[in-house]
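All residue numbers refer to positions in the sequence shown, counting from 1. Basis for what follows: all heavy atoms, side chains included, without hydrogens, waters or symmetry-related copies. Everything numeric here is computed off the predicted structure, so don't read it as measured data.
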Amino acid sequence: SLGEQRAYFYKSGKLVGISQLSTGREGKNTPLGKYHVVSKDPNHASSIYGDYVDAADNVVMPNVELGKDPKPPGSHFKGAPMPYYMQIAPGFGLHAGYLPGYPASHGCIRMPEFMAENFYKSVSVGTPVVITE
């Protein structure tokens with residue numbers, strides 16, 4: 001539920017868990033609809049959002065968007081970590097991440113790490129995901 005910023009987890013039609021979320025912010029809204037988990041990656045990193053870092057992995061420029069923010073000399077892109085990533089459509093999915101208490105992501109559905117880990121372990125490719133207002 002985007003309006004509630006909560007996820008409801010069901011197993012065999014029975015509610016088994018509720019989690020706080022942070023979904024897409026204005027302009028990067030999480031799309032409503034019916035989806036399915038199409039892939040899973042426990043150690044996923046964003047291919048678009050992250051930091052420019054130096055050879056020693058020190059952050060040179062934080063919170064960049066690859067292709068939009070110019071790369072400082074001597075740096076390289078390091079994608080933002082998205083632990084327990086469950087892709088539900090091209091470019092977005094569910095994963096562990098920062099929860100400020102309001103929609104703040106680039107479209108993904110973030111949840112607390114322990115919930116993302118439990119959900120990740122419980123779902124398989126094909127598990128339905130419904131995103132409502």
Side-chain angles (χ1 to χ4, degrees):
S1 169
L2 300 181
E4 295 177 19
Q5 291 291 284
R6 293 200 184 285
Y8 298 90
F9 302 99
Y10 294 87
K11 191 168 189 172
S12 302
K14 184 177 180 179
L15 182 64
V16 295
I18 300 173
S19 178
Q20 291 181 287
L21 302 175
S22 182
T23 58
R25 67 177 189 251
E26 190 172 332
K28 301 280 187 178
N29 302 64
T30 302
L32 301 174
K34 295 181 180 184
Y35 303 92
H36 290 88
V37 174
V38 295
S39 68
K40 295 170 56 178
D41 180 359
N43 301 304
H44 190 73
S46 177
S47 59
I48 301 171
Y49 304 104
D51 302 321
Y52 286 127
V53 299
D54 64 18
D57 219 26
N58 297 308
V59 175
V60 175
M61 183 184 293
N63 303 317
V64 300
E65 183 173 345
L66 195 60
K68 286 193 176 180
D69 295 304
K71 183 174 72 161
S75 69
H76 64 276
F77 177 76
K78 181 178 181 181
M82 302 164 76
Y84 305 110
Y85 185 69
M86 296 155 278
Q87 183 178 4
I88 59 174
F92 82 101
L94 301 95
H95 62 84
Y98 175 61
L99 300 172
Y102 51 86
S105 80
H106 294 104
C108 278
I109 300 165
R110 301 181 195 156
M111 61 185 74
E113 186 159 358
F114 77 97
M115 289 299 290
E117 181 180 9
N118 287 336
F119 191 49
Y120 185 92
K121 290 176 179 176
S122 299
V123 304
S124 54
V125 169
T127 297
V129 177
V130 179
I131 302 172
T132 62
E133 284 191 45

For Tyr8, what residues pass the side-chain hydrogen bond (donor to acceptor under 3.5 Å, both in side chains) criterion, not counting sequence neighbours?
Glu4
Could you tell me whether a side-chain N or O of Ser19 sits under 3.5 Å from a main-chain N or O of Ala7, the two making a donor and an acceptor?
no
Looking at SG of Cys108 and CE of Met82, how far apart are the two atoms once the value is rounded to the nearest 0.5 Å?
3.5 Å
Name all residues meeting the side chain to side chain contact (heavy atoms under 4.5 Å, CB included) criterion together with Thr132; count only those two or more places apart in sequence or in a different chain, and write none if there are none.
Ser1, Val130
Can you list every pair that meets salt bridge (Lys or Arg N to Asp or Glu O under 4.0 Å) and has a residue in residues 39-53, with sequence neighbours left out?
none
Check side-chain hydrogen bond (donor to acceptor under 3.5 Å, both in side chains) between Asp54 and all other residues, then give those that pass, not counting sequence neighbours.
Asn58
All side-chain hydrogen bond (donor to acceptor under 3.5 Å, both in side chains) counterparts of Asn63, not counting sequence neighbours:
none
Kindly write out the residues that satisfy side-chain hydrogen bond (donor to acceptor under 3.5 Å, both in side chains) with Asp57, not counting sequence neighbours, or none if the list is empty.
Lys78
Would you list the atom pairs, donor with acceptor, under 3.5 Å between side chains in residues 65-76 and any protein atom, with sequence neighbours excluded?
unit_1: Asp69; atom_1: OD2; unit_2: Glu65; atom_2: N; d: 2.6
unit_1: Ser75; atom_1: OG; unit_2: Pro72; atom_2: O; d: 2.6
unit_1: His76; atom_1: ND1; unit_2: Val53; atom_2: O; d: 3.4

Has the side chain of Ser22 got a donor or acceptor atom that lies under 3.5 Å from a matching backbone atom of Ala104?
yes
Would you mind listing every salt bridge (Lys or Arg N to Asp or Glu O under 4.0 Å) that reaches into residues 112-133, with sequence neighbours excluded?
Glu117-Lys121
Quick check for you: to the nearest 0.5 Å, what is the distance between Phe77 atom CZ and Ser46 atom OG?
5.5 Å
Side-chain heavy atoms under 4.5 Å apart, restricted to Ile/Leu/Val/Met/Phe/Trp/Tyr: what other residues fall into the cluster of Val16, or is it alone?
Leu2, Phe9, Leu21, Leu32, Tyr35, Val37, Tyr84, Met86, Ile88, Phe92, Leu94, Ile109, Met111, Phe114, Met115, Phe119, Tyr120, Val123, Val129, Ile131
Scan residues 86-103 for pairs that pass side-chain hydrogen bond (donor to acceptor under 3.5 Å, both in side chains), counting only residues two or more places apart or in two chains.
Ser39-Gln87
Hydrophobic cluster mates of Tyr49, side-chain heavy atoms under 4.5 angstrom, ILVMFWY only, any path?
Ile48
With a 4.5 Å cut-off on side-chain heavy atoms, are Lys28 and Ser105 touching?
no
Could you note down all residue pairs passing salt bridge (Lys or Arg N to Asp or Glu O under 4.0 Å) where residues 80-102 supplies at least one of them, sequence neighbours left out?
none
